[in-house]
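Take a look at the structure set out below.
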Number of protein chains: 2
Amino acid sequence: MDEFVSTFTNRLDSKGRVSIPAPFRSVLMRDGFEGLYCCPTLDQNAVDAGGNRLREQIRAMLALFEPFSEDHELLSTTLIGESEILRVDPEGRVALPEAIKAHAGIGDTVTFVGQGYKFQIWEPERFLAYRAEAKNRVRELRRRLGGRREAGGAE
Amino acid sequence: MDEFVSTFTNRLDSKGRVSIPAPFRSVLMRDGFEGLYCCPTLDQNAVDAGGNRLREQIRAMLALFEPFSEDHELLSTTLIGESEILRVDPEGRVALPEAIKAHAGIGDTVTFVGQGYKFQIWEPERFLAYRAEAKNRVRELRRRLGGRREAGGAE
DNA sequence: TGGGAGAACATGGGCGTCAATGGAATCGAG
DNA sequence: CTCGATTCCATTGACGCCCATGTTCTCCCA
């Protein structure tokens, strides 16, 4: 499997370390990136994580802008400056830095959420709330899609 | 790793020396440039720093303008004339010259901000303000891009 | 079909190494 | 000889690596 799928919740130990779920580890291995690339999300209190494929996405986005342009600087400050490359220990764990824990409101447990080419790291409670919210939005979206096909615009 | 990633804050000692963060040092090493190339940013109270890749970008940027044109002269005066090449001591430290400290308002701590092919040097407080601003601008920017693919956020 | 052996994985903690920092020693130029 | 700059050394604290433990899941066999 080359995509991050499913959701896992693990505990941090006294040193702030947490095991990356084994299925995610094997995806990372295959991806080839040494370490775990982590980038805070802009709109949620969560963190995007992954390997080369995630970095590639970020690089592609930056490539849309001219170096030294204001937009390029803003993006690189936000996307790259706030990112961290975490070392994965021989047991498959990472130590979450303070900045990340603070951003995501993480205490002693974290939830890993697979999202294909990347996964997210959440504080479990916050993730449940977000997921519930997301579900509602999707229901609504589906209603709209349904209407479109049947009536050509039941709105 | 061949890119400057993440943010670090270090202290200056009584001689005005400061350690370049170890991950940045290894990028510089790989880049091959002897020393640290520093040039004041155009529109911020900060300093761009890096090695050959940064110099290459500056060269490329200047190449966008007609040689001997007024714009070209202005840019080269600022970008090249105000640049400094700092020597890195055996422990991986540099001594920040007065001109740079003045321009960036640096006191006894500095923040290093990775931006891919280069990194920036900031006075910590000023950087926090800039980062907050940058985050807002990027959010806004992303909204405008709309349907475009993105790397930094959840969808 | 139930039980047991084994493997894989999450977790806990001890120890060595390296990076950041401070300060002393040395070198070079005026 | 003195001042400034550069190199050398020493300390401390964080972090990476190693080994140990327990739990769950799987697979095999009775």
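Throughout, protein chains are lettered first and strands after them, A, B, ... in sequence-line order, and every chain is numbered starting at 1.
- Two rings, from Phe24(B) and Phe4(B), have their centers less than 6.0 Å apart.
- Taking atom CD on Glu91(A) and atom P on dC9(C), their separation rounds to 13 Å, with Å as the unit.
- Look at CG on Asn10(A): it is 6 Å from P on dA10(C), rounded to the nearest Å.
- No donor-acceptor contact under 3.5 angstrom links the side chains of Asn52(A) and Arg55(A), judged on distance only.
- The minimum heavy-atom distance linking Val5(A) with Phe8(A) is given by the pair O-CE1, 3.8 Å.
- Following rounding to the nearest Å, Lys15(B) (NZ) and dG23(C) (P) show an atom-to-atom distance of 10 Å.
- Here the P atom of nucleotide dT11(C) and the CD1 atom of Ile20(A) are 13 Å apart, to the nearest Å.
- Relative to the side chain of Ala22(A), the nucleotides dA10(C), dC15(C), dG22(C) differ in distance, and dA10(C) lies closest.
- Base contact: Arg17(A) has a heavy atom under 4.0 Å from a base atom.
- Counting to the nearest Å, the P atom of dA19(C) and the CG atom of Leu28(B) are 14 Å from each other.
- Phe8(B) places its CZ atom 8 Å from the P atom of dA20(C), with the value rounded to the nearest Å.
- Ion pairing between a basic and an acidic side chain is recognised when a charged N comes within 4.0 Å of a carboxylate O; Arg137(B) and Glu73(A) show no such pairing.
- At a threshold of 4.0 angstrom between heavy atoms, the contacts of Arg93(B) include nucleobase atoms, whether or not backbone atoms are also involved.
- A straight line from CG of Asp89(B) to P of dA19(C) spans 14 Å, rounded to a whole angstrom.
- The aromatic rings of Phe127(B) and Tyr130(B) lie tilted to each other, with the angle between the two planes from 30° to 60°.
- Among the heavy atoms of the strands, none lies under 4.0 Å from Leu86(A).
- Remark: P of dG23(C) and CZ of Arg11(B) are 10 Å apart, rounded to the nearest angstrom.
- Mapping Pro21(B) and Ser14(B) onto DNA chain C via the closest heavy atom, the residue that lands nearer the 5' end is Pro21(B).
- Along DNA chain D, the stretch of nucleotides lying under 4.0 Å from any heavy atom of chain A spans, 5' to 3', dG16(D) to dC19(D).
- Counting only distance, with no hydrogens or angles, the side chain of His103(B) and the backbone of Asn45(B) share no donor-acceptor pair below 3.5 Å.
- Of all heavy-atom pairs spanning Asp2(B) and Arg53(B), the tightest one is O-NH1, 2.9 Å.
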